[in-house]
A.B. asks: 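Got a structure for you, questions after.
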Amino acid sequence: MSQSNGFSPLRWPVLRQLQRGDAKGLDKSAVSPQTESLAARTKSADKVVDSVCPYCGVGCAQLVYVKNDKIIDIEGDPASPVSNGCLCPKGAATFQLVTGAHRVSDVLYRRPHGTKWEKIPLAKAMDMVAARVKKTRDEHWEEADEKGNPLHRTLAIAHLGGATLDNEENYLIKKLFTGLGIVQVENQARI
Amino acid sequence: MAATKGFFTDTTLCIGCKACEVACKQWNQLPDDGFLFTGMSYDNTVHLGSSTWRHVAFIERPAPLHPQSEEAFSWLFSSDVCKHCARAGCLESCPTGAIIRNEFGAVYVQPDVCNGCGYCIVNCPFGVINRSEDDGRAWKCTLCYDRLKEDLIPACAKACPTESIQFGDLETLRTNAQARVEKLHTQGMPDAYLYGEDAASQPGTEGLHAFFLLLDKPEVYNLPPDPVVPTKKVKAAWISMAAGAAAIAAAALTSVFFDRGNGHDRSHLL
Amino acid sequence: MGTSFGRGGATTFPGDLVNSDVIIIQGSNMAECHPVAFRWVMQARERGATIIYVDPRFTRTSAVANIHVPIRAGSDVAFLGGVIHYILENERYFRDYVVQYTNAPAIITSEFKDTEDLEGLFSGWEKKKGEYHKRTWMYEGVDPEAAAGARESKAGKKGEAIQRKPIQAERIDPTLQHPRCVFQILKRHYARYTPEMVEETCGVPKHLFLKVAEALCRNSGRERTGAFVYAVGWTQHSNGVQYIRSAAIIQLLLGNMGRPGGGIMALRGHASIQGSTDIPTLYNLLPGYLPMPHSKHDKDYQTYIKLNQPPSGWWGEFNKYFVSLMKAYFGQAATKANGWCFDYLPTLTGDHSHMNTVTEMADGVVKGYFIMGENPVVGSMNGPLQRKGLRQLEWLVVRDFQLTETADFWREAPEISRGEVKPQDIATEVFFFPAASHTEKNGSFTNTQRLLQWHHKAVEPRGDARSELDFMFKLGQRLKLLYRNEYNRKRNWPIRDLTWDYPVEGPLSEPSAEAVLREINGFTIRDGKTLGGYTELEDDGSTACGCWIYSGCYRGGINQTARRKPYWEQNHIAPEWAWAWPDNRRILYNRASADPQGKPWSERKRLIWWDEAQSKWVGGDTPDFIATRPPSYRPSREARGKETISGDDPFIMQADGKGWIYVPTGLQDGPLPTHYEAQESVVKNPLYGQQCNPERMEWMRKDNPYHQPYNDPRFPYVITTYRLTEHHTAGGMSRWLSWLSELQPEMFCEVSPELASEVGLKNGGWATIRTMRAEIEARVLVTRRMKPLKIKGRTVHQIGLPYHWASKGLVRGDAANELIGFVGDPNVAIQESKVLTGMIVAGRKSKERRFITSGPFYKSLPGREKDRDLPAARRKPTTGHGHKAEQTKEGNV
Amino acid sequence: MTDPTYYDRPLLQESVWTWAIPAYYFVGGLAGSALVLAAAAQLRKSRAHQRLVRRCRWIGVIGAGVSAGLLIYDLGRPARFLNMLRVFRPTSPMNMGAWILAGAGATSTGALLLGTRSGLLGRLGEACGYTAGIFGAGLATYTGVLVANTAVPVWQESRRLLPVLFAASAMSSLGSVFEMCVEDAEERGIVKTFGTVGIAAELAAGIVMEKQASSVARVGRPFRHGFSGLLWRSAQILTAASLLVRNRRAVGALGIAGSLLLRFAVERAGTASARDPRASFHLERDRATSP
């Protein structure tokens with residue numbers, strides 16, 4: 001309502017038309033206050049962060065515009081020799097990917113034979129997972145095969161995923177799991 | 001007033017990726033227009049509208065694309081958009097002044113003014129503008145007016161990976177487009193032509209600020225072959241209106257002054 | 001590619017394609033799957049380059065290519081073999097290049113027998129093991145025992161399995177005339193790959209094939225260069241590696257490697273899929289393509305080094321890379337005395353790749369499973385078997401943005417909606433952790449051109465969402481705590497000694513990604529100074545480096561991957577934008593862009609050259625060579641390691657510095673690409689008696705049945721699967737987004753008008769597609785883009801299936817991968833998902849049970865199965881989980 | 001010549017107007033013609049005619065009010081109805097219409113309130129009356145321009161006669177209303193002539209307009225096919241029938257129904273035309289070929 005009809009007698013466009021001798025009222029005279037103050041929302045960003053498109057392997061550079069710790073826009077970085085600022089439809093939808101309502105923000109737990117998800121605290125979940133890892137590893141440790149060949153491993157724990165993750169993350173995954181004697185570490189590179 | 005800006009959409013460079021559709025929705029924060037499988041090649045958004053301001057048409061054509069192949073089949077793509085006509089039906093018909101022509105020569109709908117009368121919708125010869133079910137206002141491509149004010153190029157043109165969508169000063173675009181067509185002709189694409197690049201080629205709209213390079217009849221891309229802004233034809237209607245008004249007046253006077261029912265006598269009797 | 005050139009990565013970058021005179025896109029629908037990379041192809045086209053696209057379907061790439069070649073899915077090796085035949089027959093190869101830079105002149109042992117002689121098998125086939133012994137493939141005069149390095153373990157990835165124990169040709173014939181030199185063998189091997197044969201195998205008309213071959217040859221050589229572009233359309237076959245090998249051979253023959261506008265561009269489908277093989281989340285590799293130790297062979301540190309460090313070539317430095325890695329992993333604990341903690345490493349006993357893991361899961365061997373940013377129930381083969389595996393788990397951890405089909409396998413799956421399985425009966429404990437997005441964490445992706453690009457954290461993750469970095473770090477801390485009282489047991493020492501002291505930062509006290517990158521880059525133990533590159537690595541324990549090929553990415557204590565100098569301020573290679581491995585080289589093997597004397601082959605195609613004045617290699621790119629080694633350098637007899645690389649050996653990662661047209665060691669299924677039909681085909685192999693790749697990985701299980709190898713009356717059509725521009729792989733990052741979902745809102749299948757009328761399909765209507773594994777329904781898109789092919793006079797129909805949809809998200813549909821069985825490439829264990837056979841009928845799927853895991857699905861045909869293999873190749877033994885591999889005890893199938 | 005379209009999908013967006021708009025055409029027409037008649041009758045200063053004048057004024061005032069109501073009801077943002085008077089845009093028939101309606105409403109109300117006064121106010125009232133007559137003539141006819149000034153082929157090609165048709169229909173509807181509701185035979189007598197002229201004109205104009213619109217076959221189609229065709233024919237039949245029947249109430253009813261249906265027929269025809277891409281394509285091709 002409030003922003004409806006720009007109809008304060010003083011700003012009445014008809015008067016402006018009379019002043020300007022504008023018989024048609026097709027442009028300037030009809031401009032509204034909001035239009036006059038129009039500006040790209042990126043102008044008001046607190047910071048612009050260098051980023052990279054998370055979808056395919058081309059690696060198009062992105063710029064992430066942030067205002068009040070909220071992402072307000074994501075678009076291509078024109079300086080990139082890889083992409084010259086272009087994005088494909090997926091890349092252009094990155095904003096929805098990272099800010100969308102579809103993202104879950106709670107840790108969920110499904111107990112054995114359970115029929116529903118339950119929310120549990122992050123720390124508790126981490127403790128539970130660590131405990132499971134230890135238990136499974138200890139119960140299914142292989143020191144050596146029947147011929148005495150070294151094994152030092154467990155086949156009871158496996159991992160999948162990595163092609164969508166950062167190098168640093170893959171590094172820690174491989175490092176920790178190797179340290180634990182887990183060999184079945186795999187990712188989309190084969191999928 | 002800044003130089004007139006516009007789009008030149010070269011369909012021979014389009015790969016139908018739809019980056020323009022999504023980039024536009026992202027920048028303008030537009031909703032989806034439903035999840036409907038159409039069976040129309042890869043086109044599931046069908047037409048421009050209040051929530052789709054860039055739309056890529058997919059044409060599976062039983063005709064060869066020279067010089068690519070002799071085989072009678074080819075697949076054409078074209079990213080459609082508001083044409084920002086030099087004479088715009090929506091603009092001229094808008095009763096509230098919500099639709100204006102801005103300093104970039106673009107046709108812009110002021111959302112804070114539009115009262116959703118719906119008249120612009122029937123006045124666009126391209127079927128571009130439409131009213132949103134959600135908020136009752138008319139919406140269409142703004143040529144990213146907000147971005148232009150910051151010297152940013154429109155979202156669709158920026159995203160386009162193959163430079164099928166070119167943005168810039170209208171005059172420059174026209175020159176480039178002409179050169180492009182000539183090049184294509186020498187490369188064995190005699191069908192290539194420009195659609196609506198200036199007043200001469202499309203008198204009905206006096207030229208489009210968003211014009212196209214096409215390879216087949218406009219109808220194939222769902223574009224009108226010879227669009228005319230309604231106000232150019234309406235003179236006859238105004239004359240007709242005058243006649244009609246005169247007729248009513250005449251009829252009224254006749255029936256009042258020449259009626260036999262002699263009111264006098266009776267009024268005497270009273 | 002690793003076996004042909006030395007490294008697995010793409011040899012060039014998309015931006016360089018603008019310099020190509022011809023681009024062949026095959027096995028990749030580039031315009032649809034990599035639109036922005038395709039930008040450069042379009043620019044090349046506008047500059048006059050010829051764009052050739054070979055694919056079963058007429059796609060968005062076909063629409064803009066100069067030539068589209070419709071081909072029968074799975075017949076590419078025959079097509080490329082035809083090209084090789086054409087090049088050799090018409091003497092179109094770049095002779096100087098071939099003689100100087102490839103192993104074409106090398107002479108092969110007289111024991112070698114080609115597929116010509118053995119009906120499609122190479123010499124050395126061992127019935128008992130069901131695989132090749134590679135000794136007979138060796139160069140003449142090279143000790144076969146020492147050379148026969150490649151383990152029985154089928155391993156590696158995309159041909160990146162580094163050769164153990166590489167070798168150098170002892171005898172060569174520069175005239176290429178010797179009957180046993182590689183060049184002549186090649187000629188004989190491809191003698192039967194004639195245009196006519198191509199036509200009847202691939203369904204490509206002779207005139208069209210010749211047009212392509214001619215265009216390619218015309219645009220290659222001294223003055224002109226051509227490039228190949230491929231993706232998973234080549235790799236996802238039971239002989240995927242040989243597809244790429246074929247292209248490698250062509251590029252070597254035409255002299256297109258290491259030169260501007262040349263090379264082979266591998267397009268990856270995920271943001272860091274290259275990175276996840278460089279720093280592998282793969283079972284068979286340690287960072288930097290160092291092999292995981294094998295239980296049988298690598299008994300101790302010394303043996304491991306002996307088997308993996310060749311006397312010659314770049315891998316002569318192997319020990320430095322390994323020791324530095326162990327120092328990065330185990331710090332102080334790793335000492336010369338204890339073999340740098342070698343025995344902390346778990347060992348392999350065969351194939352532990354995804355498909356085996358799943359079968360083991362289904363058989364109850366695997367108890368716990370971590371899944372991070374992946375949706376195997378939709379994205380991997382044989383969905384029913386994947387879910388069967390998950391149901392047998394004790395616990396499952398899923399990390400993703402939202403509940404995927406994998407996270408919800410216990411309550412939302414076809415077999416559950418059909419009531420065959422009840423959630424209450426599933427004992428698996430499931431943890432779902434919300435993941436942080438790339439905008440909520442610092443880190444680097446390695447893109448398809450080996451470019452490490454840093455992305456900065458923009459905002460803090462919401463709620464409990466965390467990065468994998470944070471998850472792994474804190475899981476590690478907890479485990480160290482849990483084990484702290486059990487360090488008396490040797491098996492727990494690795495946990496104790498694992499260096500895990502990364503600095504934390506931010507409100508969530510997350511580990512610093514930069515600190516991790518710095519460890520990856522490497523540093524000196526004494527003063528912790530960051531290293532400038534892998535040349536600074538030592539094998540005396542004085543340096544630590546998490547991934548030797550990435551060494552230099554943090555040169556000078558500066559995060560090189562975060563560099564963003566605008567491209568318009570540098571040359572077209574843009575060396576100051578981010579950082580590429582190795583050593584920021586952008587075009588690999590670029591030594592080959594100059595002739596043996598070090599001068600560019602041509603001015604038009606110059607890249608680097610030898611500058612006598614400065615006596616070093618100079619030019620637009622970082623030399624992929626020893627920068628100061630003159631062209632004239634020749635190694636002495638007792639030279640070791642790097643010193644053995646002579647001044648005109650461009651392929652420095654190869655033991656002999658040559659590009660390998662013929663691969664004497666390192667591949668499981670033969671030294672030369674040979675056309676085999678897919679596991680499931682519609683035709684008998686037109687070339688050889690041997691139907692399929694004899695070394696292919698099979699899983700003989702009730703829950704993974706195969707169709708007849710060819711002419712299966714129940715499954716008369718070819719099915720191929722693929723992606724669309726509008727969605728991403730299994731849809732986890734696209735099906736939940738309205739802007740993408742509206743563009744492709746439902747699962748559909750693409751069929752030709754001919755097939756549609758044959759089985760009564762209506763555009764926009766429903767169809768049901770069946771295989772032995774499963775049955776799915778999809779909307780029908782009738783299009784002339786699907787073209788029936790003529791193979792030996794009969795019509796072959798192909799059905800196209802995008803695989804993005806499943807039961808969750810904004811837009812839904814059945815998952816195409818439900819249909820596909822487990823079959824794998826022997827070298828890299830990648831699955832065969834690009835071609836199979838199936839049935840299609842009009843209408844929606846039936847309500848009854850429709851999944852093989854729920855019991856027999858199709859009646860097996862009367863009579864004996866047709867042979868996939870020659871008798872010699874048949875009856876390969878099966879392991880415990882149905883996987884055909886080396887001999888082991890009968891399993892619980 | 002091949003006749004391509006894009007999967008037979010519409011080229012144009014169809015009108016989003018509801019029933020309120022055609023209803024408004026009718027009411028506005030009724031009110032408009034009433035105001036004209038009132039102004040005319042005002043010229044004859046006889047008591048009998050004064051009754052007619054007042055009755056017509058009432059119809060005018062109420063009609064204008066209802067019209068405004070219908071228009072506001074149809075807006076996407078009713079609260080912003082005043083924006084209609086935000087600018088003066090001669091290129092927009094709707095904008096002109098808004099000013100006309102406002103004028104008609106104001107003057108007719110003035111006339112109604114001041115009509116009985118004497119002296120200055122009375123004379124002002126008289127002036128209002130005549131002005132209202134002029135506005136009324138506009139109100140009864142401009143809707144024809146409003147509809148003609150669009151990209152919808154059938155509406156566009158009806159432009160030469162649409163305003164006349166609406167004018168005629170406005171007259172006939174006023175006649176019909178009097179036939180039905182007014183007891184005073186003499187008043188009816190006066191309006192009868194007015195209405196009958198209207199009916200005749202309405203029928204004639206309709207036939208000619210359909211012919212003109214059909215000069216490109218595909219464009220005139222909606223008048224002959226489909227629901228819009230049915231409405232169109234029925235409207236003509238009803239109107240014609242009103243000339244034949246004796247019972248005056250029936251005459252009125254038929255007449256009202258006729259002109260009401262006419263407005264809806266035109267509205268529906270437009271929608272049908274917008275849905276048919278070939279209508280636009282043929283029209284434009286035809287124009288292109290025959291200059």
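Every chain is numbered from 1 and lettered A, B, ... according to where its sequence line falls, protein lines coming before strand lines.
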A.B. asks: Is Asn442(C) close to chain A through its backbone or its side chain, or both, or neither, when contacts mean heavy atoms under 4.5 Å?
C.D. replies: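 When you check distances to chain A, only backbone atoms of Asn442(C) fall under 4.5 Å.
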A.B. asks: Applying side chain to side chain donor-acceptor pair (under 3.5 Å) between Gln184(A) and each of His352(C), His354(C), Glu360(C), report the one that passes.
C.D. replies: Glu360(C)
A.B. asks: For Pro346(C) versus Thr178(A), what's the shortest heavy-atom pair and its separation?
C.D. replies: CD-O, 3.4 Å
A.B. asks: Examine whether an atom of Thr136(A) lies under 4.5 Å from a heavy atom of chain C, and if so say whether it belongs to the side chain, the backbone or both; otherwise answer neither.
C.D. replies: side chain
A.B. asks: Report the option among Cys88(A), Ala156(A), Gly162(A) that has the most heavy-atom pairs separated by less than 4.5 Å from atoms of chain C.
C.D. replies: Ala156(A)
A.B. asks: Looking only at side chains, do His438(C) and Gln62(A) share a donor and an acceptor under 3.5 Å apart?
C.D. replies: yes
A.B. asks: Less than 4.5 Å to any heavy atom of chain A: does that hold for the side chain of Ser467(C), its backbone, both, or neither?
C.D. replies: both
A.B. asks: Distance only, no hydrogens: is a donor on one side chain within 3.5 Å (strictly under) of an acceptor on the other, for Gln96(A) and Ser738(C)?
C.D. replies: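 Present: a donor and an acceptor within the cut-off.
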A.B. asks: Please flag which part of Ile74(A) lies under 4.5 Å from any non-hydrogen atom of chain C: side chain, backbone, both or neither.
C.D. replies: side chain
A.B. asks: Say whether, by atom type as modelled, one donor and one acceptor occur between the side chain of Lys147(A) and the main chain of Lys296(C) under 3.5 angstrom.
C.D. replies: no
A.B. asks: For a quick test of reading the model, state the closest non-hydrogen atom pair linking Asn167(A) to Thr446(C) and the distance between them.
C.D. replies: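 That would be ND2-OG1, 2.8 Å.
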A.B. asks: Using side-chain contact (heavy atoms from CB on, under 4.5 Å) as the criterion, point out the one residue from Ile173(A), Val133(A), Val185(A), Leu160(A) that pairs with Phe370(C).
C.D. replies: Val133(A)
A.B. asks: Give me the atom names and distance for the closest heavy-atom approach of Trp577(C) to Pro81(A).
C.D. replies: CD2-CD, 3.2 Å
A.B. asks: Is the closest basic N to carboxylate O distance between Glu142(A) and Arg491(C) below 4.0 Å?
C.D. replies: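 No salt bridge links Glu142(A) with Arg491(C).
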A.B. asks: Pick from Phe432(C), Phe431(C), Phe433(C): which one makes a ring pair (Phe, Tyr, Trp, His ring centres under 6.0 Å) with Tyr109(A)?
C.D. replies: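 So, applying the ring pair (Phe, Tyr, Trp, His ring centres under 6.0 Å) to Tyr109(A) and each of Phe432(C), Phe431(C), Phe433(C), only Phe431(C) qualifies.
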A.B. asks: Below 4.5 Å from any heavy atom of chain C, which atoms of Val104(A) appear? Answer side chain, backbone, both or neither.
C.D. replies: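 Both parts, heavy atoms under 4.5 Å.
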A.B. asks: Does this structure show an ion pair linking Glu429(C) with Arg132(A), if we count only N-O contacts that are shorter than 4.0 Å?
C.D. replies: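 Here Glu429(C) pairs with Arg132(A) in a salt bridge, since their nearest N and O are under 4.0 Å apart.
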A.B. asks: Just checking, is any N or O donor in the side chain of His270(C) or Asn187(A) under 3.5 Å from an acceptor N or O on the other one?
C.D. replies: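 Judged by distance alone, the side chains do not pair up.
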A.B. asks: Given a strict heavy-atom distance threshold of 4.5 Å, which part of Tyr65(A) is in contact with chain C: side chain, backbone, both, or neither?
C.D. replies: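 Neither part.
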A.B. asks: Please state whether the side chain, the backbone, both or neither of Trp568(C) comes within less than 4.5 Å of a heavy atom of chain A.
C.D. replies: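 Trp568(C) touches chain A through side-chain heavy atoms alone.
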A.B. asks: Hey, is the main chain of Asp50(A) close enough, under 3.5 Å, to the side chain of His456(C) for a donor-acceptor pair?
C.D. replies: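 Such a contact is absent between His456(C) side chain and Asp50(A) backbone.
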A.B. asks: Please state whether the side chain, the backbone, both or neither of Ile573(C) comes within less than 4.5 Å of a heavy atom of chain A.
C.D. replies: neither
A.B. asks: Do Leu498(C) and Leu176(A) touch side chain to side chain, with heavy atoms closer than 4.5 Å?
C.D. replies: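 In contact.
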A.B. asks: Under a 4.5 Å heavy-atom cut-off, does chain A meet the side chain of Glu514(C), its backbone, both or neither?
C.D. replies: neither
A.B. asks: By a 4.5 Å heavy-atom criterion (distance strictly below it), what part of Trp395(C) contacts chain A: side chain, backbone, both, or neither?
C.D. replies: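 For Trp395(C), side-chain heavy atoms alone lie under 4.5 Å from chain A.
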A.B. asks: Does Cys86(A) offer a backbone N or O that forms a donor-acceptor pair with the side chain of Arg39(C) under 3.5 Å?
C.D. replies: no
A.B. asks: So Thr349(C) and Arg153(A), side chain to side chain donor-acceptor pair (under 3.5 Å) or not? Walk me through it.
C.D. replies: CA-CA 11 Å; Thr349(C) 46; Arg153(A) 71 179 188 194; 2.9 Å; yes
A.B. asks: Heavy-atom distance under 4.5 Å to chain C: side chain of Asp145(A), backbone, both or neither?
C.D. replies: side chain
A.B. asks: Report yes or no: is the cationic atom of Arg137(A) (NZ for Lys, CZ for Arg) under 6.0 Å from the centre of the six-membered ring of Tyr483(C), at an angle within 45° of the ring normal?
C.D. replies: yes
A.B. asks: Under a 4.5 Å heavy-atom cutoff, which of Ile120(A), Asp77(A), Asp106(A) has the most pairs with chain C?
C.D. replies: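 Looking at each of Ile120(A), Asp77(A), Asp106(A) in turn, Asp106(A) comes out on top.
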A.B. asks: Quick check: closest heavy atoms across Thr164(A) and Gly373(C), and the distance to 0.1 Å?
C.D. replies: OG1-O, 3.4 Å
A.B. asks: Which heavy atom in Thr347(C) sits nearest to a heavy atom in Pro150(A), and how many Å separate them?
C.D. replies: OG1-O, 2.8 Å
A.B. asks: So, does Lys174(A) use its side chain to make a donor-acceptor pair with the main chain of Pro287(C) at under 3.5 Å?
C.D. replies: no
A.B. asks: Please classify the contact between Lys47(A) and chain C as side chain, backbone, both or neither, with a heavy-atom cut-off of under 4.5 Å.
C.D. replies: side chain
A.B. asks: Which atoms of Lys457(C) come close to chain A, meaning under 4.5 Å heavy atom to heavy atom: side chain ones, backbone ones, both, or neither?
C.D. replies: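 For Lys457(C), backbone heavy atoms alone lie under 4.5 Å from chain A.
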A.B. asks: Just verifying a value: how many Å separate Cys53(A) SG and His455(C) NE2, rounded to the nearest 0.5 Å?
C.D. replies: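 If we round to the nearest 0.5 Å, Cys53(A):SG and His455(C):NE2 are 11.0 Å apart.
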A.B. asks: For Glu486(C), is it the side chain, the backbone, both or neither that has a heavy atom under 4.5 Å from a heavy atom of chain A?
C.D. replies: side chain
A.B. asks: What residue in Ile157(A), Thr115(A), Val52(A) has the most heavy-atom pairs under 4.5 Å with chain C?
C.D. replies: Val52(A)
A.B. asks: Side-chain donor-acceptor pairs under 3.5 Å in residues 121-130 of chain A, sequence neighbours left out?
C.D. replies:
from, atom 1, to, atom 2, distance (Å)
Asp127(A), OD1, Arg478(C), NE, 2.5

A.B. asks: Between Val64(A) and chain C, with a heavy-atom cut-off of 4.5 Å, which part of the residue counts as in contact: side chain, backbone, both or neither?
C.D. replies: side chain
A.B. asks: Verify the distance criterion only: is there a donor paired with an acceptor across the side chains of Thr154(A) and Lys367(C) at less than 3.5 Å?
C.D. replies: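 No, no side-chain donor-acceptor contact under 3.5 Å.
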A.B. asks: Using non-hydrogen atoms and a 4.5 Å limit, figure out which bit of Val48(A) sits close to chain C: side chain, backbone, both or neither.
C.D. replies: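 For Val48(A), there is no contact with chain C at all, as no heavy atom is under 4.5 Å.
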A.B. asks: Can you name the nearest heavy-atom pair linking Gly443(C) to Asp166(A), along with the distance?
C.D. replies: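 Scanning both residues, the minimum pair turns out to be CA-OD2, 3.5 Å.
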A.B. asks: Scan His34(C), His728(C), His727(C) and name whichever one has a ring pair (Phe, Tyr, Trp, His ring centres under 6.0 Å) with Tyr55(A).
C.D. replies: His728(C)
A.B. asks: Are Arg399(C) and Glu169(A) ion-paired here, with the side-chain N under 4.0 Å from a carboxylate O?
C.D. replies: no
A.B. asks: Please look at Leu451(C) and chain A and tell me whether the side chain, the backbone, both or neither of the residue comes under 4.5 angstrom of a heavy atom of that chain.
C.D. replies: side chain
A.B. asks: Hydrogens and angles aside, do Glu168(A) and Ser444(C) bring a side-chain donor and acceptor to less than 3.5 Å of each other?
C.D. replies: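 Yes, side-chain donor-acceptor contact under 3.5 Å.
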A.B. asks: Give, as side chain, backbone, both or neither, the part of Ala328(C) having an atom under 4.5 angstrom from any heavy atom of chain A.
C.D. replies: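 Contact with chain A is through both the backbone and side chain of Ala328(C).
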A.B. asks: Between Tyr550(C) and chain A, which part of the residue has a heavy atom less than 4.5 Å away: side chain, backbone, both or neither?
C.D. replies: side chain
